[in-house]
Number of protein chains: 2
Amino acid sequence: MSDSKTTLTNAVHDLLRRAIIEQALKPGMRLPEDTVGEQFGVSRTIVRHALVRLENQGLVITRRNRGAFVAEPSKEEAQHVFEVRRCLENEVIRILCRRMPGSGYDQLEAHVRSEEKVKGKDGPVSIRLAGEFHVLLAELTGNDVLARYVSEVVLRCSLIMSMYARNHSSDCAVDEHSQIIEAIRAGDEQRAIDIMDHHLGAVAGRAELSPKPDSIQSILSHYGKELAQ
Amino acid sequence: MSDSKTTLTNAVHDLLRRAIIEQALKPGMRLPEDTVGEQFGVSRTIVRHALVRLENQGLVITRRNRGAFVAEPSKEEAQHVFEVRRCLENEVIRILCRRMPGSGYDQLEAHVRSEEKVKGKDGPVSIRLAGEFHVLLAELTGNDVLARYVSEVVLRCSLIMSMYARNHSSDCAVDEHSQIIEAIRAGDEQRAIDIMDHHLGAVAGRAELSPKPDSIQSILSHYGKELAQ
DNA sequence: GGCAAGTAAATTGTATCCAATTGACGAAAT
DNA sequence: ATTTCGTCAATTGGATACAATTTACTTGCC
């Protein structure tokens, strides 16, 4: 996605983001600059830049002279994120019902197929794929700004779900993804929006889950391999 | 707004942002880290962080090993920003028609009064105030995420207007701001949205304007004074 | 034993230093 | 005259070194 600028900062940024989204780094976990940098074999400078960007995206928070932590969105903040997400994704639907690019349906269906491939398993991969479906939808609008914002709120929702949802239960999600595609293909704007609202609403209304901390080194060592060029 | 964390990075960030929004730093103008840092009396490290954040907000772009420039939004990108802005501000209207905080109308009317005070002058101050009205609206929703996104798109719109608008012509804008307040107070959601759409639409449809470059030092020297603690 | 103050360790905030990349200017060859 | 290659200046990409701040522990006093 953003691999065009292949700087170290971007690499670390992507790795950390993935680690957070896939729940390897759990909410509230500390992210000391030198620990992370040591694991990835880069200097604090790089990690620092990545953390600044992650903070801007709401995935980590930094307390002055204390350091960076994986964000722990409050229920109120979660509500805010979902509200914005629904607003943005409805706009995505509206645009796509009017103009869908040529290869749009092929890409969407291909994505749903890859989602079905990991169906049943509630692992990190299915979490990531579920989110990427919505990002793909947004990208198909051709509006880069819209796509970026959708991407951000989807990522934050993934983090929120990792805190408050019992399980991501992507089983029904995949079906609803197919339904959304069909509604858009039929040009039925209202129905597509209704499905999306139900999809997001269903995802939003869940019970809580207690986080369990873990060692940072052991987690990052897995992600670090990919940086060895 | 974000003065709670009073780090140097934030200070430089705010200063540069204001300079860009007030058209002191014009689109396409270079922002060398050394030059900026020297003017503000801080190191490149600080400037660097500020520039990274400004890039995330779409106000500057950085080319690898080339440096940072004030962003020059294309017409296509401008269209994207306006599309997202309309979507977000409509949501703001919808929320405020349902629940407006107690002191909301007082704050809004006070703001309009201060806008009228500088009416006629098309200076930087009126540009900034016109944008801050919309940010204030968004903040009154109580949704921080929504407010942040609205703030970003409003800032980008200010930059866009500085490129493509003949004049900001805040004369009619102030009147429309009052109309929006009244529509919300009346609970007339649709009318408020219509006015807002017209307000943004009118702002969006303008001709082009050729930028005129200037010396960076002379511009920043003015903003730099505020950093002397 | 509990509480408070002081001190030390850890971590971030900031500055400076070196290396790598890019763009421009100029000279030489076709 | 135009194009191409090479060198150089300018600027960023990244790392290291130092300062400031916070936390935690220890020690002494009540």
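All figures in this text were calculated on a predicted structure; none of them were measured in a lab.
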Quiz item: Counting side-chain heavy atoms from C-beta on, which of D:dT12, D:dA15, C:dT14 comes nearest to B:N65?
Solution: D:dT12
Practice problem: Provide, to the nearest angstrom, the distance between the CG atom belonging to A:D34 and the C1' atom belonging to D:dT16. | Solution: 13 Å
Self-check item: Separation of atom CZ in B:R66 from atom P in D:dG13, rounded to whole Å
Solution: 11 Å
Self-check item: Residue mapping more 5' on DNA chain D - nearest nucleotide basis, B:E33 or A:T45
Solution: B:E33
Self-check item: Cationic N near anionic O, under 4.0 Å, B:R86 to A:E91
Solution: no
Exercise. Return the value, rounded to whole Å, for the distance between atom CG of A:L31 and atom P of C:dT12.
Key: 9 Å
Quiz item: Any luck finding a side-chain donor-acceptor pair between A:H111 and A:E132 under 3.5 Å?
Solution: no
Quiz item: C:dT12 P sits how many Å from B:I46 CD1, rounded?
Solution: 16 Å
Quiz item: For the pair made of CD in B:E38 and P in D:dT11, what is the distance, rounded to whole Å?
Solution: 11 Å
Quiz item: Can A:E55 and A:T62 be counted as having a side-chain donor-acceptor contact under 3.5 angstrom?
Solution: yes
Quiz item: How close or far is atom P of C:dA10 from atom CZ of A:R63, stated in whole angstroms?
Solution: 21 Å
Self-check item: Proximal nucleotide (of C:dG23, D:dT23, C:dG13) relative to the A:R44 side chain
Solution: C:dG13
Quiz item: For A:H49 and D:dT12, what is the distance between atoms NE2 and P respectively, to the nearest whole Å?
Solution: 12 Å
Exercise. Mind running side chain to side chain contact (heavy atoms under 4.5 Å, CB included) on B:I61 and B:V70 for me, showing each step along the way?
Key: CA-CA 6 Å; B:I61 61 166; B:V70 179; over 6 Å; no
Quiz item: Can you check the A:R64 CZ to C:dG13 P distance for me, whole Å?
Solution: 7 Å
Quiz item: Among D:dT16, C:dT12, D:dG13, which is the nearest nucleotide to the side chain of A:R48?
Solution: C:dT12
